[in-house]
Every structure is written in C-alpha cells, then in structure tokens.
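Each remark here refers to the structure printed beneath this line.
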Amino acid sequence: MTSPISPEDALSRIPDWDGGSDFREIHGGLTNRSFIVRSCKGNFILRLDAEHTKTFGLDRSTELKVLQEAAKVGIAPEVRFADPGAGILVYKFLPGPVWDRSSLADRRNLERLAALLRAVHSLPASGAVLDAAAAARRYAATASRNPDLRAFAARCVEIVTALPEPRTVTCCHNDVVAANILGASQLKLLDWEYACDNDPFFDLASVIAYHDLGDKHADRLLRSYTGGADRHSADRLELQRRLFDAIHWLWLAARSVVTHDSEHCARLGQLRRRIR
C-alpha cells in the first residue's frame, strides 16, 4: 500500500506557497486527514486522503467541480489548491458558528436552510449522477465482513434498488447535516465530498432523517423549501427519507467494520428499527 502523503509534502506542492506556515491536525476523520494551517496568507484547511478513503468511493474530481461553483456564489469556502489525483484539497478556513442539532429547532434557521438548499440546487449540474444502488452495494460489501451485519445489509441494498429512479436531478450536496452548516445569517456548507447530481429532496431528507426531526420541523423545512405543501412533495420527501436511512445504515455499518465506535453501533440499532 502506498504511504499517505504528508502535510509538509502536500503544502510544498502549492504554487506560490512560501512555506512559512504551521499546522495542527483535526482528529476524528475516517475518510480524510484534516489540518488547520496558519500562514502569512491566511488560515486554511488542508484535507488529505486517508487509509480508508477508497472504501467509500469518493469522487474527488466531481467534488472539486461542485465546490468551486458553490464558492462562486458564496455558499462554500474558497479553494486555494487542489490535486484530486493526489487526494489534496486546501480551502480557506471560515470562522463562524457551526450548527448543531439544536439549531434546527429554530423556525428562522429552517427557513434560512431552505434558502441555502435552493441555492445549492441552482448550481450547474455536475454531470455525475448519484448511483445509489452502486453505493449501497459498495458499503454492503464492506459491512458484510461482519456476519452479524450481513443479512440486514442485504435488506438495505434491496430497499435502495427497489426505489424508483429520480425523475428530476439537480446539483446536490448529499451530506447536509448540522455539523456541515456554518454561519448565522449568511449560511455556507462544508464537506462537499459526496456532492453530485441527485434528487434535490435527498438533501432535505438528509437533514430530517439524520437528526430525527419530528413532523412539525420536517413540514416547516419542506414548506419553506417548496413555498407551500402538497401531497406530491410530501410523498417524494418520504421516498428520499427511506433512501437516506438505508444508505446511512450501510455507511455506518461499513464504517463500524473499519473502525469500531460504540455510538455508531447504537445508531445502527436505531436505524434498523426505523427501517423495519
């Protein structure tokens, strides 16, 4: 296996980088190694591929394409340097409050989030459409290394493959959770590594399902996004919630095989009961 690139080597590849910088690792990632970099030219985030990046099938080229478009309209950090083939991404560090689950209890925040998602879905299409079935099978292959997860992994793959293909796709973030939302009045999204074209309601579903939002808050987000409420939109959202839950379970199951985490194991049980 090729040795992972070092932060020093990654920074040395940036044109016009004077080398006068220091960095500190941000721990906790699985698919990435991330560092805060302080330099005379400002503060940046350096993100490098990690040992298990390929396990999750990330498309770094599509991510970069979408991220650059999102930065143009002010909803993502500005890219300083990228080498997708080498697994290097450097983008501007953005100060400001990062959301948590409690942020979603505020009606005004849900309205701001709906506006942010409309901006995401107005970005140019990336040209790469999410293949949910392929992602499900990839995660299931890793999850099935644990015999206790094998049967339900197969069930989740069945759920994903049985759901209809989206009739309409737009550019999507595909990982809209509170920890990826930054700001107060002017919101931005972080971590675009799963970005590609998809049913835009998947982004709404990710917020609702990941955070177990109740009907009141889910309906508020949907109404704020669509400008009203109708049966078709509600049904469409429900399908995407089921898709998100199945994909989320498979992702967590794959991650639990790669690295054990008791919180993830507990969440797997919760999701299994909801999916059933």
### Message
I want to know whether Tyr194 and His173 have ring centres closer than 6.0 Å.
### Response
no
### Query
With distance as the sole test, does Ser206 use its side chain to make a donor-acceptor pair with the main-chain N or O of Val176 at under 3.5 Å?
yes
### Task
Using modelled atom types only, decide if a donor and an acceptor are shared between the side chain of His211 and the backbone of Ala178 within a distance under 3.5 Å.
yes
### Message
The criterion is side-chain hydrogen bond (donor to acceptor under 3.5 Å, both in side chains); which residues satisfy it with Arg112, sequence neighbours excluded?
### Response
Asn109
### Task
Output yes when a side-chain donor or acceptor of Trp99 lies under 3.5 Å from a complementary backbone atom of Gly183, and no otherwise.
yes
### Task
Using atom types as modelled and distance alone, determine if a side-chain donor or acceptor of Lys92 lies under 3.5 Å from a backbone N or O of Phe44.
no
#### Entry: Check: Asp203/Gln240 side-chain N/O donor and acceptor closer than 3.5 Å
no
## Note on the structure
Residues Ala132 and Leu243: closest non-hydrogen pair is CB-CD1, 4.1 Å
### Message
Whether the side chain of His248 engages the backbone of Phe244 through a donor-acceptor N/O pair (distance < 3.5 Å, no angle test) should be reported.
### Response
no
### Task
Apply salt bridge (Lys or Arg N to Asp or Glu O under 4.0 Å) to the pair Glu63 and Arg47, showing each step before the final yes or no.
CA-CA 13 Å; Glu63 174 196 12; Arg47 194 200 68 195; 2.5 Å; yes
Please tabulate, for the side chains in residues 69-81, all donor-acceptor contacts under 3.5 angstrom to protein atoms that are two or more places apart in sequence or on a different chain.
from	atom 1	to	atom 2	distance (Å)
Glu69	OE2	Lys72	NZ	3.4

### Summary
Ile36 meets the side-chain contact (heavy atoms from CB on, under 4.5 Å) criterion, sequence neighbours left out, with Arg24, Ile26, Arg38, Ile45
#### Entry: Electrostatic pair Asp245:Arg274 at N-O distance under 4.0 angstrom
yes
### Query
So, Asp100 versus Ser102: side-chain donor-acceptor pair below 3.5 Å or not?
yes
### Query
Of the non-hydrogen atoms in Cys172 and Pro200, which two are nearest, and what is the gap between them?
SG-CA, 3.6 Å
#### Entry: Derivation of the side-chain contact (heavy atoms from CB on, under 4.5 Å) call for Leu268 and Trp249
CA-CA 6 Å; Leu268 282 169; Trp249 189 93; 3.4 Å; yes
## Note on the structure
Ala254 and Thr142 have their tightest heavy-atom pair at O-CG2, 3.7 Å
### Task
Is it possible for you to say whether Val160 and Val129 belong to one hydrophobic cluster, with membership spreading through side-chain heavy-atom contacts below 4.5 Å?
no
### Message
Applying side-chain contact (heavy atoms from CB on, under 4.5 Å) to Glu111 and Leu221, what does each step give before you reach the verdict?
### Response
CA-CA 7 Å; Glu111 292 170 351; Leu221 179 61; over 6 Å; no
### Query
With no hydrogens and no angle check, is any side-chain donor or acceptor of Asn180 less than 3.5 Å from a backbone partner on Asp175?
yes
### Query
Residues two or more places apart in sequence or in another chain: which of them pass side-chain contact (heavy atoms from CB on, under 4.5 Å) with Arg118?
Ala114, Ala115, Tyr225
### Task
Using the side-chain contact (heavy atoms from CB on, under 4.5 Å) rule, take His217 and Ile208 through it: C-alpha gap first, then chi angles, then the decisive distance, then the call.
CA-CA 8 Å; His217 292 93; Ile208 295 166; over 6 Å; no
### Task
For the residue pair Pro164 and Leu239, establish whether any side-chain heavy-atom pair is separated by less than 4.5 Å.
yes
#### Entry: Hydrophobic cluster partners of Leu182 (side-chain heavy atoms under 4.5 Å)
Leu94, Val98, Leu190
### Query
Is Trp251 reachable from Leu271 through a run of hydrophobic residues whose side-chain heavy atoms are each under 4.5 Å from the next?
yes
#### Entry: Pair listing, salt bridge (Lys or Arg N to Asp or Glu O under 4.0 Å) test, anchored in residues 149-169, at least two apart
Arg155-Glu158
#### Entry: Main-chain N/O of Val169 paired with Asp197 side-chain donor or acceptor, under 3.5 Å
no
### Task
Work out which heavy atom in Leu237 is nearest to a heavy atom in Ala205; give both atom names and the distance.
CD1-N, 3.8 Å
### Query
Is a salt bridge present between Glu238 and Arg242, judged by a nitrogen-to-oxygen distance below 4.0 Å?
no
### Message
Any carboxylate oxygen within less than 4.0 angstrom of a Lys/Arg side-chain nitrogen, looking at Arg60 and Asp49?
### Response
yes
### Task
Applying side-chain contact (heavy atoms from CB on, under 4.5 Å), run through Trp17 and Val37 and close with a yes or a no.
CA-CA 12 Å; Trp17 190 267; Val37 180; 3.8 Å; yes
### Message
A quick test of your reading: do over 12 heavy atoms of other residues, nucleotides or ligands sit less than 6.0 Å from OH of Tyr210?
### Response
no
#### Entry: Pair Asp212 + Arg267: basic N to acidic O under 4.0 Å
yes
### Message
If we count only N and O atoms by modelled type, under 3.5 Å, do the side chains of Asp9 and Ser6 hold a donor and an acceptor together?
### Response
no
### Task
Say whether, by atom type as modelled, one donor and one acceptor occur between the side chain of Asn32 and the main chain of Ser34 under 3.5 angstrom.
no
## Note on the structure
Closest heavy-atom pair, Arg13 versus Asp83, reported as atoms and distance to 0.1 Å, is NH1-OD2, 4.1 Å
### Query
Can you name the closest pair of heavy atoms from Ala128 and Cys196 and give their distance?
O-CB, 3.2 Å
